[in-house]
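Counting starts at 1 for both ligands and their atoms, in listed order.
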Amino acid sequence: MTCSELPELDPEDQPLIGALADRGAEASAVVWDDPDVDWSDYDLAVIRSTWDYTTRHREFLEWAASVPRLVNPPNVIRWASDKHYLQGLADHGLAVVETTWLEPSRNFDKRALHNRFPAREDFVIKPAISAGSLETGRYTATDADSRRFAIEHAHRLLSEGRSVMVQRYLPEVDAAGEAALIFLHGTFSHAVHKDAMLAPGEEVVGEGDTLYKPESMSPYRASAVEIEAAQNALAFARARIPGRSPASRPLLYARVDLVTPRSGDPVLMELELVEPSLFCSLAPGALDRFADAIMAELRMGPDTHNIALA
Ligand SMILES: Nc1ncnc2c1ncn2[C@@H]1O[C@H](COP(=O)(O)OP(=O)(O)O)[C@@H](O)[C@H]1O
Ligand SMILES: [Mg+2]
């Protein structure tokens, strides 16, 4: 499925339709919240670019639960679409980006917010339910104006009833960027490199139909250490997602975003299990592997071949 702003899918995913046709399946782009769609017409529904769900979270989860054969499945979508999962993984010993959580139910006043921001280092504020870097801001702790903007930002999100994450800005993101590792049915497929998204003082504001801040991605050769860290993060997730046992089938698609500190092992920035761009165009063979994985998923179900790409 896709969203109404991208009814023909993201250009990155359009070649998938031909790759699936080559394999004997008829796939079409379908908008997730189109009321005229009968999801039981499809043998499989694969989420691809439903990027407008973050401000309609409850509606999106209800929709996910109503689709007969959705991948990734609704329990995974529910768990992975709220970044509180990072805390759950950290509690079980996984290295994740350290986060202070601000919950709307606490009714923080501006002073209390100020006291929860780092004293010295740049920091990031973002909503727990977010995508595409929208509503994400980078602030300078020692600059009074920047701190004030950060307080306003956090206050605005909290007043909308949204949980807020405060993180130290990891300087490694400026120096080396992020590594995004893509897994198909649990097997490492390829990796891409993502440049830093936030300049000092930058606030990415989602306005109108904006779905995401454009990213600068490039092909990347992941190290053995990164692949192992990503596999470990996925194993942690599989053990913790409600309704899944470690023995259940691996996820059709997963993207693990890692940042590696100058000295030390990679830390998890984000686990993209809902609607990640998979950047198949940046890695030879990746599109074929993704199409093969979708076909394998299809074969686990009824003997017909209609696929909705949302
Ligand atoms: N703690 C952080 N340190 C450095 N950069 C960050 C941090 N948090 C977010 N960013 C930047 O903002 C981008 C978006 O944040 P992310 O947590 O990946 O949310 P999403 O991709 O869901 O919008 C990241 O790709 C990164 O460039
Ligand atoms: Mg991200």
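No hydrogens or angles considered: nothing links the side chains of Asp33 and Tyr53 as a donor-acceptor pair under 3.5 Å. Judged by distance alone, the side chains of Tyr139 and His153 do bring a donor and an acceptor atom under 3.5 Å apart.
Regarding atom 20 (P) of ligand 1, its nearest protein heavy-atom neighbour is Lys83 NZ, 3.4 Å. Among protein heavy atoms, the minimum distance from atom 6 (C) of ligand 1 is reached at Met269 CE, 3.5 Å. The protein heavy atom nearest to atom 24 (C) of ligand 1 is Glu178 OE2, 3.1 Å. Distance from atom 11 (C) of ligand 1 to its nearest protein heavy atom, with residue and atom name: Leu198 CD1, 3.7 Å. Of the protein's heavy atoms, Tyr169 CE1, 3.2 Å lies nearest to atom 5 (N) of ligand 1. Among protein heavy atoms, the minimum distance from atom 14 (C) of ligand 1 is reached at Ser133 OG, 3.2 Å. With respect to atom 3 (N) of ligand 1, the closest heavy atom belonging to the protein is Leu170 N, 2.9 Å.
Heavy atoms from other residues, nucleotides or ligands lying under 6.0 Å from CZ of Arg78 number 12 at most. Within a 6.0 Å radius of CD in Glu8, other residues, nucleotides and ligands contribute 12 heavy atoms or fewer.
Each of the atoms 1 (N), 2 (C), 7 (C), 8 (N) of ligand 1 lies under 4.0 Å from some heavy atom of Gln167. Of all atoms in ligand 1, listed by their number and element, those nearer than 4.0 Å to a heavy atom of Lys194 are 25 (O).
The heavy atom nearest to atom 17 (O) of ligand 1, considering only Lys126, Glu202, Glu270, is found in Lys126.
Using cut-offs of 30° and 60° for the angle between ring planes, the His193 and Tyr220 rings count as tilted.
Distances from the Mg ion (ligand 2) to the N/O/S atoms of Glu270 are shortest for OE1.
The distance criterion of under 3.5 Å between nitrogen or oxygen atoms is not met by Val97 with respect to ligand 1. At a 3.5 angstrom cut-off on N or O pairs, Arg168 counts as close to ligand 1.
Between the CG atom in Leu157 and the CD1 atom in Ile129 there is a gap of 11.5 Å [rounded to 0.5 Å].
The closest side-chain heavy-atom distance from Leu86 to Leu268 is below 4.5 Å.
For residue Glu178, no N/O/S atom approaches the Mg ion (ligand 2) to within less than 2.8 Å.
For Trp32 and Phe60, the distance between ring centers is under 6.0 angstrom.
In this structure, Val124 is part of the shell of residues with a heavy atom less than 4.0 angstrom from ligand 1.
Looking at Arg23, its side chain does come within 3.5 Å of a backbone N or O of Ala19 through a donor-acceptor pair.
Both tests do not hold together for Arg116 against Phe123: distance to the six-membered ring centre under 6.0 Å, angle to the ring axis within 45°.
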